[in-house]
Student: 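Quick one: structure below, then a few questions.
Start at 1 and go down the list; that is how both ligands and their atoms are numbered. Just so it is clear, the structure is predicted and the values come from calculations on it, not from any experiment.
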Amino acid sequence: MMFPEYRPRRLRQNDRFRALVREHCVSSQHLMYPLFAVPGRNVKEPIASMPGVHQMSIDYIVEEAKEVYDLGLPAILLFGIPEKKDSKGSHAWIKSGIVQKAVEAVKKAVPDLLVVTDVCLCEYTSHGHCGVVVKEKKGVFRIDNDATLGLLQKAALSHARAGADMLAPSDMMDGRVGAIREVLDDNGFDHVPIMSYAVKYASSFYGPFRDAAECAPQFGDRRSYQMDISNSREAFREATLDMEEGADILMVKPGMPYLDIIRMLRQEFALPIAAYQVSGEYSMIKAAVQNGWLNENLVVQESLTAFRRAGADIIITYFAKDFARASF
Ligand code: PBG
């Protein structure tokens with residue numbers, strides 16, 4: 001009988017061998033936890049399609065931030081649902097806006113926790129689109145890319161002034177990273193990094209988020225500005241532009257269905273890469289867990305490890321707290 005010389009199983013014999021040769025690992029330090037801030041006090045409203053995730057008023061957001069910090073997680077990603085929406089999304093940049101106030105409160109209570117803010121208009125516009133909508137003719141609308149840039153600059157500057165540690169533009173307008181970099185630099189915020197949603201697909205996996213952030217488009221869809229799910233070379237072009245415009249971190253979104261894109265960016269760019277395990281990915285796993293079909297701890301560990309293996313440095317995930325709790 002002939003045996004092969006090399007037997008991979010020799011190094012799988014027990015936990016010590018397996019740990020010794022493990023190529024990738026995930027720990028709490030790599031994770032970022034998204035939070036949804038709403039106006040009011042004492043509000044903690046469950047999001048039906050995302051079990052375990054809530055819309056919270058700032059008092060609860062602060063409590064949550066403390067818990068996140070105590071669990072050893074480095075950062076939160078803040079989204080805001082404003083008191084009032086209008087066609088331009090003006091509550092995205094007012095000083096007393098929901099995100100601005102939430103940032104101030106969290107930084108005061110937990111100064112060492114990194115507070116990252118999502119910069120986008122869709123939560124603030126009455127039509128739910130991420131940019132300024134112009135009517136071409138009856139029933140035909142267009143997003144005005146360049147008119148949107150000025151509004152994003154205002155929103156970004158207001159977040160920085162409120163004390164945000166990093167900004168994450170998610171609108172997918174062309175030129176937004178450069179526009180935001182410029183306004184930050186011109187106003188004394190050259191030290192504030194930009195984590196760009198560089199490669200954001202027009203994905204159906206955002207469904208539950210749109211309940212959470214109350215930002216489903218009232219007409220049409222986002223395919224004129226988010227990427228076509230069929231494309232990968234385009235991801236390279238988008239990432240190249242954002243890098244040239246000054247992005248500090250490149251993000252790919254959604255996560256698990258796009259591991260090939262994460263890997264491609266990892267190979268092509270030296271910047272840190274973030275992956276967003278989005279709402280739909282979270283809801284699928286949670287639903288299966290609730291039915292007793294999957295083991296939550298094991299599946300979360302596996303899915304987060306897959307992101308790291310594909311090449312992600314940072315993972316934005318609604319499982320961050322669960323993961324941190326399980327690994328303590
Ligand atoms: C837009 C934004 C979206 C998400 C993050 N930022 C939604 C969208 O583009 O429709 C999705 C996140 C998720 O699904 O978890 N501000």
Side-chain angles (χ1 to χ4, degrees), residues 31-38 47-55 76-82 85 89 91-93 97-99 116-133 143 148 151-152 155-156 159 164 166-173 176-177 180 194-229 238 249 251-258 274-287 303-304 307 314-321:
L31 307 182
M32 212 179 260
Y33 186 57
L35 288 174
F36 300 96
V38 291
I47 296 151
S49 52
M50 300 178 72
V53 179
H54 299 80
Q55 294 179 334
I76 57 169
L77 174 60
L78 261 184
F79 295 92
I81 296 106
K85 303 190 186 219
H91 278 236
W93 57 81
I98 182 73
V99 165
V116 186
T117 57
D118 183 86
V119 178
C120 193
L121 300 181
C122 68
E123 295 106 283
Y124 304 89
T125 53
S126 40
H127 44 70
H129 279 287
C130 306
V132 176
V133 172
I143 304 292
T148 306
L151 306 185
L152 292 169
H159 291 189
M166 179 157 73
L167 306 187
S170 68
D171 53 284
M172 287 301 276
M173 298 300 132
R176 74 223 195 279
V177 172
I180 291 172
I194 297 175
M195 175 171 74
S196 171
Y197 289 68
V199 181
K200 180 177 179 184
Y201 285 91
S203 168
S204 300
F205 285 98
Y206 307 148
F209 174 93
R210 293 179 186 172
D211 297 339
E214 298 173 12
C215 69
Q218 298 303 302
F219 53 84
D221 54 43
R222 302 207 210 283
R223 284 182 296 174
S224 74
Y225 41 104
Q226 297 182 350
M227 276 180 53
D228 189 321
I229 57 168
E238 283 281 5
I249 297 174
M251 193 206 296
V252 175
K253 177 172 170 221
M256 282 172 69
Y258 297 87
Y276 198 143
Q277 184 176 48
V278 301
S279 55
E281 303 175 60
Y282 173 82
S283 302
M284 286 194 303
I285 294 174
K286 273 286 178 190
S303 69
L304 300 184
F307 284 114
I314 302 161
I315 307 159
I316 300 154
T317 175
Y318 303 97
F319 287 116
K321 272 186 4 180

Student: Tyr282: which residues meet the ring-ring contact (aromatic ring centres under 6.0 Å, His included) condition with it, sequence neighbours left out?
Tutor: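 ring-ring contact (aromatic ring centres under 6.0 Å, His included) list for Tyr282, sorted by chain: Tyr318, Phe319.
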Student: The criterion is ring-ring contact (aromatic ring centres under 6.0 Å, His included); which residues satisfy it with Tyr124, sequence neighbours excluded?
Tutor: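 Per chain and number, Tyr124 pairs via ring-ring contact (aromatic ring centres under 6.0 Å, His included) with no residue.
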Student: Within 45° of the ring axis of Phe205 and under 6.0 Å from its six-membered ring centre, is that where the NZ or CZ of Lys253 lies?
Tutor: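 No - Lys253 does not lie over the ring of Phe205 by the 6.0 Å and 45° rule.
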Student: Return the protein residues near ligand 1 (heavy atom under 4.0 Å from any of its atoms), ordered by chain and residue number.
Tutor: Phe79, Asp118, Cys120, Cys122, Glu123, Ser170, Tyr197, Lys200, Tyr206, Phe209, Arg210, Arg222, Gln226, Lys253, Tyr276, Val278, Ser279, Tyr318
Student: If you measure only the distance, is there a donor-acceptor pair under 3.5 Å linking the side chains of Ser126 and Gln218?
Tutor: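 The criterion, which ignores hydrogens and geometry beyond distance, is not satisfied for Gln218 and Ser126.
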Student: How are the rings of Tyr276 and Phe79 set to each other: parallel, tilted or perpendicular (split at 30° and 60°)?
Tutor: tilted
Student: Kindly write out the residues that satisfy side-chain hydrogen bond (donor to acceptor under 3.5 Å, both in side chains) with His129, not counting sequence neighbours, or none if the list is empty.
Tutor: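 Testing His129 for side-chain hydrogen bond (donor to acceptor under 3.5 Å, both in side chains), a comparison that skips the adjacent residues, returns Tyr225.
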